[in-house]
Amino acid sequence: MAEMQRPPFVFMGGKVVPWESAKIHVSAEALIRGMSVFEGIKGYWNYDNSSLALLALRQHFDRLTRSALLQCLPFEMGFDEFHEACNALVRKLMTKERDLWLRTTLYAVEGNWGADTVTDLVITCYHQDKKRPAPIEIGVSTWQRPLDTGLPARIKSPANYQAGRLARIEGRRQGFGDMVMLNQWGRLAEATGSCVLIVRDGCVATPPPFEGCLESITVNILEALAKSLGISFERRPIDRSELQIADEMALAGTLMEMGVVRRIESRQLPASTPLFDRLRDEYWACVRMEKSHPAVKLTPVA
Ligand code: PMP
């Protein structure tokens, strides 16, 4: 698990500091109310290992800004400063053998109930194997995604992962690698750290964010790739029962990339996944810079 690594450096308080000195006070709202918003950003080496690039950096910055706005956390940093902060840490930690995953977290370090809030952008960066995700077996959790009027799924905040954590614990006990969560209407929302895509009758479908999933950057990329490949792609509510009859199923997210689902609950999915194989290969070729596509935006680390 990426976050169990202890890389030697962290970005905090506007500079790169040693891991051991990256500390937050016990009274910070970041701790006592879990008040922070974050992004997970992938750094890929290209196919010949000559350049490392951050995927969808601008899109992640924009979503972090929106999460901060929704959570009433001040975030004054502009994109250039954010970019340079990521670069500063990546330059210290990059190694050609492995890709990277950056967690950029905006913590509420001072303030109380939203008054006098002071935030700090903290970046941690972990090494990742350069391998494609293995097929996965998933269950359907009894834990649900909350309503938009309670805990909006489009805010990428740790609070939104509490039900997901319970779902993963539930899934581990049942022998599943991940769990799908339904929304209040019993329809598909998302998995614990990724979105869900299905294929029915030759068309890819995934729920829109109003069904209780994060506004996924990976899904936006996959939608654009699908369109270029001539694969139909729709965003529509997905009933629970459709999970039992889908022709193909996959999880998609920055860290997950695109992992094909082999089994959901007791149902084995067809071994052949022709549409998702094409989409996955295209995604992989683009992030490794073997091909280019306007929807796959890569920012090289200088
Ligand atoms: N849903 C959840 C709960 C997630 O944690 C993620 C990963 N960030 C996603 C969906 C996929 O979002 P993205 O493609 O932007 O990484």
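Values below: every heavy atom of this structure, side chains too, minus hydrogens, waters and symmetry copies. Start at 1 with the first residue, then count along the sequence.
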Backbone of R168 reached by a side-chain donor or acceptor of D178 within 3.5 Å: no
Distance-only side-chain donor-acceptor flag, N87 / K92, under 3.5 Å: no
Main-chain N/O of G13 paired to D120 side chain as donor or acceptor, under 3.5 Å: yes
Check: E170/T142 side-chain N/O donor and acceptor closer than 3.5 Å: yes
Partner set under side chain to side chain contact (heavy atoms under 4.5 Å, CB included) for E215, not counting sequence neighbours: R66, R154, P209
Side-chain donor/acceptor of N183 to backbone N/O of W185, under 3.5 Å: yes
D239 and S241 side chains, donor-acceptor separation under 3.5 Å: no
E248 side chain to L275 backbone, donor-acceptor under 3.5 Å: yes
Residue pair F233 / L197, side-chain heavy-atom distance below 4.5 Å: yes
Any donor-acceptor N or O pair under 3.5 Å, side chains R103, T124: no
Side-chain donor/acceptor of E190 to backbone N/O of V180, under 3.5 Å: no
Lys NZ or Arg CZ of R288 over Y47 ring: under 6.0 Å, within 45°: no
Residues S50 and N46: side-chain donor-acceptor under 3.5 angstrom: yes
Hey, can you pull the donor-acceptor pairs under 3.5 Å for the side chains in residues 250-265, sequence neighbours left out?
| unit_1 | atom_1 | unit_2 | atom_2 | d |
| --- | --- | --- | --- | --- |
| E257 | OE2 | K42 | NZ | 3.3 |
| E257 | OE2 | Y44 | OH | 2.5 |
| R263 | NE | E137 | OE1 | 3.3 |
| R263 | NH1 | E265 | O | 2.8 |
| R263 | NH2 | E137 | OE1 | 3.1 |
| E265 | OE1 | R240 | NH1 | 3.4 |
| E265 | OE1 | Q244 | NE2 | 2.9 |
| E265 | OE2 | R240 | NH2 | 3.2 |

Validation row, ring centre F11 to ring centre F82 under 6.0 Å: no
Flag, side chain of K156 to backbone of V37, donor-acceptor distance under 3.5 Å: no
Close side-chain approach of I123 to V10, heavy-atom, < 4.5 Å: no
Proximity of F61 and F75 rings by center, below 6.0 Å: yes
Side-chain (R6) to main-chain (W19) donor-acceptor, under 3.5 angstrom: no
Donor-acceptor under 3.5 Å (E29 side chain, W113 main chain): yes
Validation row: S67, L70 side chains within 4.5 angstrom (heavy atoms): no
Exam field: side chain K297 to backbone P294, donor-acceptor pair closer than 3.5 Å: yes
Side chains of S228 and H293, donor plus acceptor under 3.5 Å: yes
Under 3.5 Å: donor-acceptor pair, side chain of R200, backbone of I245: no
Audit row: R145, N160, side chain to side chain contact (heavy atoms under 4.5 Å, CB included) steps and yes/no: CA-CA 8 Å; R145 270 266 161 263; N160 253 321; 4.0 Å; yes
Note, E223 side chain near R235 side chain (heavy atom, < 4.5 Å): yes
